[in-house]
Each structure stands twice: as structure tokens, then as C-alpha cells.
Amino acid sequence: SMGQNVDPKFVNRLLATNFQGMDDMGIDTIKPFLQDVVRVDGLVGSLGRSFVADPGYMPTIVSHVGIPRLVDWLGHVSMMGLYTT
């Protein structure tokens with residue numbers, strides 16, 4: 001929720017893992033992200049790579065975000081996927 005205190009180490013680890021995944025996927029993934037263009041392939045690819053790179057961190061993320069918000073977010077990502085196919 002808004003105004004909550006988040007451990008900077010949590011944010012740094014999350015960002016580092018995701019940026020590494022996008023960088024590994026190449027310029028076609030990281031450039032749109034840096035230009036604030038959300039692409040389903042980049043989003044799903046970077047999240048998948050993050051999970052593989054640091055699977056032990058996923059429970060921490062889920063605990064922080066919460067199941068209801070995660071399910072809601074997955075619905076949005078699914079709709080993005082349907083829209084772009």
C-alpha cells in the first residue's frame with residue numbers, strides 16, 4: 001500500500017535481478033522498457049529469467065505484494081497478452 005516502508009535491499013535485489021534478465025535478453029527488450037514502453041514478451045521473459053536466476057526470492061516478493069494483488073496483476077498481464085496477439 002502507499003506510504004509503506006520498503007527495505008532498500010529488497011528493491012535493489014528485485015531491480016538488479018530484473019535488469020540483468022532484460023540485459024541478457026538484449027536491446028530489443030531493455031530499450032522499450034527504458035522508454036516506458038511495456039511489452040508482454042519483455043515482461044514475461046524478464047520475469048521468467050528472474051525466477052530462474054533467483055527462485056528463492058520469489059516467496060519474499062509474493063509475501064510483500066500479497067496474493068490478491070498478484071492475482072489482479074496476472075489478470076492485467078493476461079489481458080495485455082490477449083490484446084497483443
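Atoms considered below: every heavy atom in the structure, side chains included; atoms not considered: hydrogens, waters and symmetry mates.
For residues 9-19, the side chain to side chain donor-acceptor pair (under 3.5 Å) pairs, not counting sequence neighbours, are R13-D54, N18-S50. Annotation: ring-ring contact (aromatic ring centres under 6.0 Å, His included) contacts involving residues 58-85, sequence neighbours excluded, comprise F10-H64.
The nearest pair of heavy atoms linking M22 to S46 is CG-CB, 3.5 Å.
Under the ring-ring contact (aromatic ring centres under 6.0 Å, His included) criterion, F51 pairs with no residue, sequence neighbours left out. Listed by chain and residue number, nothing satisfies the salt bridge (charged side-chain N to carboxylate O under 4.0 Å, His left out) test with D23 (two or more places apart in sequence, or in another chain). When the side chain to side chain donor-acceptor pair (under 3.5 Å) test is applied to D41, the partners found at least two apart in sequence or on another chain are R39.
Side chain of S78 to backbone of L74: a donor-acceptor contact under 3.5 angstrom is found.
By the rule that hydrophobic residues join a cluster once side-chain heavy atoms approach within less than 4.5 Å of another member, V77 and I67 end up as members of one cluster. Criterion: ILVMFWY side-chain heavy atoms under 4.5 Å apart, direct or through other members. Under it, L15 and M25 are not part of a common hydrophobic cluster. V37 and F19 end up in different hydrophobic clusters when Ile, Leu, Val, Met, Phe, Trp and Tyr side chains are linked at under 4.5 Å. In this structure, Y57 is a member of the same hydrophobic cluster as V65, with clusters built from ILVMFWY side-chain heavy atoms closer than 4.5 Å. The hydrophobic clustering, which links ILVMFWY residues whose side-chain heavy atoms are closer than 4.5 Å, places M80 and L82 apart.
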Counting only pairs under 3.5 Å, give me each side-chain donor-acceptor contact of residues 29-36, with atom names and distances, residues two or more places apart or in other chains.
none

